[in-house]
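Remarks on the structure that follows.
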2 protein chains.
Amino acid sequence: MAYHHGNLRAALVEAATALLEDGGPLGVTLRGAARRAGVSQTAPYRHFPDKGALLAAVAEQGFRRLGAAMARAARGHGADPVGALEAMAIALVHFADRHGAHYRLMSGPAVRGRDHPALREAALAAWGLLTTTVTACQRAGRIRAGDPAAFAFVLWSLVHGLSTLLVDEQIPPIVRQTWLPAELAKKATQVLLEGLAGKRSARPGRAVAPTLSPRSPRRRRARRP
Amino acid sequence: MAYHHGNLRAALVEAATALLEDGGPLGVTLRGAARRAGVSQTAPYRHFPDKGALLAAVAEQGFRRLGAAMARAARGHGADPVGALEAMAIALVHFADRHGAHYRLMSGPAVRGRDHPALREAALAAWGLLTTTVTACQRAGRIRAGDPAAFAFVLWSLVHGLSTLLVDEQIPPIVRQTWLPAELAKKATQVLLEGLAGKRSARPGRAVAPTLSPRSPRRRRARRP
DNA sequence: CAGGATATGTTGACACAGTCAACTTCTGGA
DNA sequence: TCCAGAAGTTGACTGTGTCAACATATCCTG
């Protein structure tokens, strides 16, 4: 047996994932992953510069799986982009519901931005699926004209928020006792889709007709360094 | 000077908050808070059973402030519940945008559920504000009939998701470069409100008319213990 | 096939964290 | 007045992330 272990890197990612799934975010530890992979405590440093990098790799793998799950859900709704959008939303919430700790890691501050380009890329890929489908909905006349990225972002926010609340067990009891996660995802998506649908006469009083079109492109906001 | 320090507890919460604001979630440490409060490393254990309890207290205070900010935003829209709802949504996003780490702590797994009833209570209070205002919108005919808790929850999910993405810097570049957070909050809320507004004829194809009324009350789902 | 360069792992150590046990000091009421 | 309990301190233990120095396997070149 190649007792350079073959491929430690993958083993470590798997070990860390296992630690994460049972034991929560606090349960994942560099030394623990090394132990679980049967190597010494500092062996991981040959593959990851630090703990954050390991976590980022785990998160990246999570995004890849999430993207796959969403794509799988969307298939079978080929003709119906709205159905595909709903299915993807449900798939995301479902993913978060199982793999709670994993989802938290993925969307958390484990690794910020540019540190780990592969992570960013995987996340953007999943997000891109949504945008594409939104565009399809627009072509089908089921979503009004406007920047598809913006619409997709609103949908993403909604579903992500739902997932986060679910994972963190912060869904108000009244709501939790009445609906299952998948139902919540479906209904929330449908409500949003209604809002995104066509232009319609606003109720008397004041016009509520958000177009979600930018007034003028803006540079990124200043952030504390 | 009362060198029983007067009220260490409050000082520790404040110190931990300061550590949190600059230094992120990893920067807050029991020993650090104690140092900052000018006491020994184990003094906090006279006031908090463990680190989690301190964090919970910090989070609780955050929810209280958030609730206050939302209430403040809603005031001045007394006659216009829709405007109040929008203002509250913007206030929440604004709160998350500043106090990023604090918001992450509040909505994170710092303390789960029953551990810290005061936390839960403060969170539910903020959430209750939304529900009340949704009810007002229904009375004003601006939101269709249905369970206000469910509608409020959808709105909460949307705004919370937006805030989370903002704090974790996971807003896609295209979106981030085009809109400011407050604009995103306002527009997203408006889209959702349109969806929540009145019943309307669905487009041809299939009816999309989510009522958000429960089929039948359900018990809580089983969770891994 | 030889032999070093390089990737891969290991040992030992350091600083820092959360937490506990034992001790000291302050303070409010019988 | 005086002491019981609250409030705070000291010292120690374990576990963690990380570094430096060392050991070994692998691979490419001569």
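Values reported hereafter were calculated over all heavy atoms of this structure, with side chains retained and with hydrogens, waters and symmetry mates removed. Only a predicted model underlies this, so the values are computations on that prediction, with no experimental measurement involved.
Nucleotide D/dG17 holds its P atom 11 Å from the CG atom of A/D50, rounded to whole Å. Rounded to a whole Å, the CZ atom of B/R31 is 13 Å from the P atom of C/dC20. Remark: C1' of C/dA21 and OH of B/Y45 are 13 Å apart, rounded to the nearest angstrom. Rounded to an integer number of Å, the gap from CZ of B/F48 to C1' of D/dA7 is 14 Å. Here D/dT18 presents its P atom at 10 Å from CG of B/L26, a figure rounded to the nearest Å. Here the C1' atom of nucleotide D/dT26 and the CG atom of A/N7 are 16 Å apart, to the nearest Å. Here the C1' atom of nucleotide C/dG18 and the CG atom of B/L55 are 12 Å apart, to the nearest Å. The distance from atom NZ of B/K51 to atom C1' of C/dG18 is 8 Å, rounded to the nearest whole Å.
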*Hey, mind stepping through B/R46 and B/R9 against side chain to side chain contact (heavy atoms under 4.5 Å, CB included) and telling me if it holds?*
CA-CA 9 Å; B/R46 295 295 140 189; B/R9 191 192 149 97; over 6 Å; no

*Should A/I174 and B/F153 be marked as a side chain to side chain contact (heavy atoms under 4.5 Å, CB included) after you check the CA-CA gap, both sets of side-chain angles, and the distance that decides it?*
CA-CA 10 Å; A/I174 321 98; B/F153 173 70; over 6 Å; no

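For the OP1/OP2 pair of C/dA17 and a distance below 4.0 Å, the side-chain nitrogens and oxygens of B/R35 include at least one atom meeting the criterion. Between C/dG18 and B/T29, a contact under 4.0 Å exists linking OP1 or OP2 to a side-chain N or O.
Counting heavy atoms from C-beta outward, A/T164 and A/Y103 have side chains that approach closer than 4.5 Å.
Atom NE2 of B/H47 has more than 12 heavy atoms from other residues, nucleotides or ligands within 6.0 Å.
In terms of position along DNA chain D, the nucleotide closest to B/R46 lies nearer the 5' end than the nucleotide closest to the other residue of the pair B/R46 and A/Q41.
Contact annotation for A/S40: base contact, defined as any heavy-atom pair under 4.0 Å involving a base atom.
Taking the side chain of A/H47 as heavy atoms from C-beta on, and the options C/dT10, C/dT8, C/dC20, the nearest nucleotide is C/dT8. Between C/dA21, C/dG18, D/dG8, one nucleotide has an atom nearer to the side chain of B/T42 than all others, and that is C/dA21.
Taking the six-membered ring for Trp, B/F63 and B/H102 have ring centres at least 6.0 Å apart.
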